Amino acid sequence: MYSVSDEGSLAAWKQDGTFVNTWKTGGSGDWEGLTATSLTADVIYIAQEYEPMMFEWSVSTNSFTGKSWSFPGMKATSKAGLEGFTDVASKNVWLAGSQSDATVSEYTCDLSTSGDCIKTGTVWKFGLS
């Protein structure tokens, strides 16, 4: 299991909650989520709040692979941007949440190369209080 922090760290944990290790990742350090495309994948994906992007991290080398993707059309500011995302493997889509306008949008992303993901629709809009 892995977790990220707003300060740019990535941490690994055993399933029983025992701490394994932590890495300073560099980059913007404003990490807001992470996911994997499968339980056996060699890479995980880290979400950056602003500009809304995701970065590929190799769990075998503990470093970024150099691949990244943006989420065009997502409303974002430096204080309220991408605030969580996940891969829905069964549908081959990504869900990405915007804190700025309280929406979760659906994207398709070509993971073979860096670039822009394609927004295919808004899935939910939540009320803000």
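From a predicted model like this one, the values you see are computed outputs, not experimental measurements.
For residues 97-123, the set of pairs meeting the ring pair (Phe, Tyr, Trp, His ring centres under 6.0 Å) definition, not counting sequence neighbours, comprises Phe71-Tyr107. Sorted by first and then second residue, the disulfide (SG to SG under 2.5 Å) pairs involving residues 65-100 (not counting sequence neighbours) form an empty list.
Side-chain contact annotation: Ser63 with Thr61, donor-acceptor N/O pair under 3.5 Å present. Trp31 and Thr25 share a side-chain donor-acceptor pair at under 3.5 Å.
When all heavy atoms of Gln99 and Ala80 are compared, the closest pair comes out as OE1-CA, 3.5 Å. Cys117 approaches Met54 most closely through the heavy-atom pair SG-CE, 4.2 Å. The shortest heavy-atom contact between Ile46 and Trp57 is CD1-CB, 4.1 Å. In plain terms, the two heavy atoms of Ala41 and Val59 that are nearest each other are O-CG2, 4.1 Å. In this structure, Lys75 and Ser98 approach most closely via the heavy-atom pair O-OG, 2.6 Å. In this structure, Thr37 and Ala89 approach most closely via the heavy-atom pair O-CB, 4.1 Å.
A search for side-chain contact (heavy atoms from CB on, under 4.5 Å) contacts involving Val123 returns Leu95, Glu106, not counting sequence neighbours. The side chain to side chain donor-acceptor pair (under 3.5 Å) search around Asp116 returns Ser70, not counting sequence neighbours. When the side chain to side chain donor-acceptor pair (under 3.5 Å) test is applied to Thr22, no partner is found at least two apart in sequence or on another chain. Residues that satisfy the side-chain contact (heavy atoms from CB on, under 4.5 Å) test with Ser112, not counting sequence neighbours, are Asp110. Applying the side chain to side chain donor-acceptor pair (under 3.5 Å) rule to Ser105 yields no partners; only residues at least two apart in sequence or on another chain are considered. For Asp16, the side chain to side chain donor-acceptor pair (under 3.5 Å) partners at least two apart in sequence or on another chain are Thr18. Partners of Thr65 under the side-chain contact (heavy atoms from CB on, under 4.5 Å) rule, at least two apart in sequence or in another chain, are Val43, Glu56, Ser58, Lys67. Not counting sequence neighbours, the partners of Ala76 by the side-chain contact (heavy atoms from CB on, under 4.5 Å) test are Tyr50, Pro52.
Judged by distance alone, with hydrogens and angles left aside, the side-chain atoms of Ser100 form no donor-acceptor pair with the main-chain N or O of Thr77 at under 3.5 Å.
The hydrophobic cluster containing Phe19 also includes Met1, Trp13, under a criterion of side-chain heavy atoms closer than 4.5 Å among ILVMFWY residues, counted directly or through chains of members.
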Under the side chain to side chain contact (heavy atoms under 4.5 Å, CB included) criterion, do Lys24 and Ser9 qualify, and how do the steps go? CA-CA 5 Å; Lys24 285 303 236 177; Ser9 295; 3.5 Å; yes
Asn21 vs Asn62, test: side chain to side chain contact (heavy atoms under 4.5 Å, CB included). Steps then yes/no. CA-CA 10 Å; Asn21 204 348; Asn62 295 313; 5.9 Å; no
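Within the 4.5 Å cutoff, no side-chain heavy atoms of Gln48 are placed close to those of Ser68.
Between Tyr45 and Trp94, the gap from one ring centroid to the other is short of 6.0 Å.
Met74 and Met53 sit in two unconnected hydrophobic clusters of ILVMFWY residues. Membership requires side-chain heavy atoms under 4.5 Å apart, directly or through other members.
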Show which side-chain atoms of residues 81-88 pair as donor or acceptor with protein atoms under 3.5 Å away, not counting sequence neighbours.
none

